Amino acid sequence: MMDGTPQNLPSPISHSRDTRKINLALQGGGTHGAFTWGVLERLLDEDWLDFDGMSGTSAGAINAAIFALGLSQGGRAGARDGMERFWRSLGASFAMSPMKASPLEKAIWGYDLSYSMAWNAFEALTRVASPYQLNPFPMEFNPLRRALQNSLDLKKLRDDKHAMRLFISATNVRTGKPKVFRREELTVDALLASACLPNVFKAVEIDGEAYWDGGYLGNPALWPLYHERSAADIILVQLNPLYRAEIPTTVSDIMNRLNEISFNASLMSEMRAIDFVQRLLEGGRLEQPRYRRLFLHSIEDEPRMRAFKLSTKFNGDWDFLQTLRQYGHEAADHFLTHSSAQIGRESTLDIQRYL
């Protein structure tokens, strides 16, 4: 996949169907967001899908902003080009000299994982020193800022009154409450706030408030999508595994699992609330239109995503990004093949997995 084109691309769903409006909810996960890139590219192939709104956190927030801007300025081709341009820029900024997995790791994981010696050393350092101690100067280097500035003209997106609705989540450090930035107020700083891991980066200050990664309180936040009158279908693109059979015993594996649990917690809480309301609606105990049916769907590849460790979320190697992109294409195609007929009619997500 060195040429940057996913292999064995599936054909669009051939049979004709009515246009369906959908909302997309995009999880965060560092450079694992390249999986979402592949998902979005595949969904763009289906001209019967109309994209109504997007909620995103961290990498999901960035994918959402790039997608919305590209769609606004250049249609579906513009969205594809914008995502390709961004991920190339990010890969160039984040790529480090890789250290290939050992034969034992390959045998265990079934995949030639790519690690960075520099990242492993930095990760160890963040356990004993904060970003403020490591960088006491007011300005800090953040390769993500450069990639965003090179790829996005957010003023055009803010000014386009016909652009799709966007909801970008961050966590207010002082209040501990979620902050959702809408399309009309979206800036590069808002995207950086949504992706601000507090052990890696200093809090991002916007209008006198400090923000950390939005994943602590919404990964992604679903409520903005159903609080407004919008499409009834929400497709969740999930990066973080819900389940692992093995009990982590090493420091790195424990940290990885804690990270997954923490960043899935808010999503599981929202799923419980949605399930409760939907059951009341089904039993006739709540009245419509004040409350309405939601149709939930998910696109994920949990078996493959379990193979990646926390450190790979900072792996910008182009081959690695292309592999994730391909996985996203395949996961989206599987969803479209098996579940697209249910869009607008019923949920295909097994909500019991989140309860």
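Computed from a predicted model, the values in this text were never measured in an experiment.
No salt bridge links Arg279 with Glu282; every basic N to acidic carboxylate O contact stays at or beyond 4.0 Å. Taking the charged nitrogens against the carboxylate oxygens, Arg304 and Asp301 do have a contact shorter than 4.0 Å, which makes a salt bridge.
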Walk me through whether Leu40 and Met54 qualify under side-chain contact (heavy atoms from CB on, under 4.5 Å). CA-CA 11 Å; Leu40 295 176; Met54 299 179 85; 4.1 Å; yes
Kindly determine whether Glu270 and Tyr226 satisfy side-chain contact (heavy atoms from CB on, under 4.5 Å), including the steps that lead there. CA-CA 11 Å; Glu270 278 205 82; Tyr226 58 76; 3.5 Å; yes
For Leu222 and Met271, run side-chain contact (heavy atoms from CB on, under 4.5 Å): C-alpha distance rounded to whole Å, both residues' side-chain angles, the deciding distance at 0.1 Å, then the answer. CA-CA 9 Å; Leu222 302 181; Met271 288 293 187; 4.2 Å; yes
With side-chain contact (heavy atoms from CB on, under 4.5 Å) as the test, would you mind laying out the steps for Leu24 and Val39 before giving the verdict? CA-CA 11 Å; Leu24 290 165; Val39 169; over 6 Å; no
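Formation of a donor-acceptor pair under 3.5 Å by the Asp52 side chain with backbone atoms of Ala231 is found in this model. Checked by atom type and distance alone, the side chain of Ser72 never pairs as donor or acceptor with a backbone atom of Ala68 at under 3.5 Å. Between the side chain of Thr171 and the backbone N or O of Asp213 there is at least one donor-acceptor pair closer than 3.5 Å. Using a distance-only test at 3.5 Å, with no hydrogens or angles considered, no donor-acceptor pair links the side chain of Ser194 to the main chain of Thr57. Under the 3.5 Å distance criterion, the side-chain polar atoms of Gln342 are left unmatched by any main-chain donor or acceptor of Thr348. For Asn264 (side chain) and Glu260 (main-chain N/O), a donor-acceptor pair under 3.5 Å exists by modelled atom type. Within the 3.5 Å criterion, the main-chain N or O of Asn219 finds a donor-acceptor partner in the side chain of Gln27. Counting only distance, with no hydrogens or angles, the side chain of Asn63 and the backbone of Gly33 share a donor-acceptor pair below 3.5 Å. At least one donor-acceptor pair under 3.5 Å links the side chain of Asn150 to the backbone N or O of Arg146. In this structure a side-chain-to-backbone donor-acceptor pair under 3.5 Å is present from Thr312 to Lys309.
Listed by chain and number, the hydrophobic cluster partners of Tyr291 are Phe276, Val277, Leu280, Leu281, Leu286, where partners are ILVMFWY side chains within reach of under 4.5 Å, directly or through others.
Of the options Arg80, Arg325, Arg76, a salt bridge (Lys or Arg N to Asp or Glu O under 4.0 Å) to Glu41 is made by Arg325 and by none of the others.
The same ILVMFWY cluster, assembled from side-chain heavy atoms under 4.5 Å apart, contains both Leu26 and Leu154. By the rule that hydrophobic residues join a cluster once side-chain heavy atoms approach within less than 4.5 Å of another member, Ile168 and Leu90 end up as members of one cluster. Placement of Phe335 and Leu236 in two distinct hydrophobic clusters is found when ILVMFWY residues are connected by side-chain heavy-atom separations under 4.5 Å, directly or transitively. Phe295 and Trp223 are members of different hydrophobic clusters when ILVMFWY side chains are connected at heavy-atom separations under 4.5 Å. Hydrophobic clustering (side-chain heavy atoms under 4.5 Å, transitive across Ile, Leu, Val, Met, Phe, Trp, Tyr) groups Phe35 together with Leu44.
In this structure, Val173 and Ala203 approach most closely via the heavy-atom pair CG2-CB, 4.3 Å. Shortest non-hydrogen contact noted between Ala61 and Leu191 is O-CD2, 3.7 Å. For the pair Ala59 and Gly29, the tightest heavy-atom approach, listed with the atom from each and the gap, is CB-N, 4.0 Å. The two residues Pro224 and Ala221 make their nearest non-hydrogen contact at CD-O, 3.6 Å. Summarising the geometry of Ile206 relative to Ala193, their closest heavy-atom pair is CD1-CB, 4.2 Å, with the distance given to 0.1 Å. The nearest pair of heavy atoms linking Phe314 to Thr31 is N-OG1, 3.8 Å.
Taking the six-membered ring for Trp and thresholds of 30 and 60 degrees, Trp87 and Trp37 have nearly parallel ring planes, at less than 30 degrees apart.
Remark: the Gln326 side chain and the Gln322 side chain contain no N/O donor-acceptor pair separated by less than 3.5 Å. Under the 3.5 Å distance criterion, with hydrogens and angles disregarded, a donor-acceptor pair is assigned to the side chains of Asn240 and Lys313. When only modelled atom types and interatomic distance are considered, Thr250 and Asp253 share a side-chain donor-acceptor pair under 3.5 Å.
Considering only heavy atoms from C-beta on, Tyr354 stays 4.5 Å or farther from Ile274 through its side chain. Using a 4.5 Å heavy-atom cutoff, the side chains of Asn23 and Arg165 are in contact. Contact annotation: the side chain of Pro220 approaches that of Ser55 to within less than 4.5 Å [non-hydrogen atoms, C-beta and beyond]. Counting heavy atoms from C-beta on, the side chains of Gln278 and Arg293 come closer than 4.5 Å. Asp233 places none of its side-chain heavy atoms less than 4.5 Å from the side chain of Arg20. Residues Pro248 and Asn256 fail the side-chain proximity criterion, which asks for heavy atoms closer than 4.5 Å. Between Leu324 and Phe308 the shortest side-chain heavy-atom distance falls below 4.5 Å. Put simply, the side chain of Leu336 reaches to within 4.5 Å of the side chain of Leu43, judged on heavy atoms.
Taking CG of Leu242 as the reference point, atom CZ of Arg306 lies at 9.0 Å (rounded to 0.5 Å). The structure places OH of Tyr211 at 10.0 Å from CD of Glu205, a figure rounded to the nearest 0.5 Å. Interatomic distance, CG of Leu267 versus CZ of Arg272, reported as 10.0 Å (0.5 Å rounding). Annotation: the span from Ile235 atom CD1 to Ile299 atom CD1 amounts to 5.0 Å, rounded to 0.5 Å. Between Asp81 atom CG and Gln73 atom CD the span is 13.0 Å, to the nearest 0.5 Å. A distance of 4.5 Å separates CD1 of Ile22 from CG of Leu49, quoted to the nearest 0.5 Å.
Trp212 CH2: 12 or fewer foreign heavy atoms inside a 6.0 Å radius. Around the CZ atom of Arg292, the shell of radius 6.0 Å holds more than 12 heavy atoms that belong to other residues, nucleotides or ligands.
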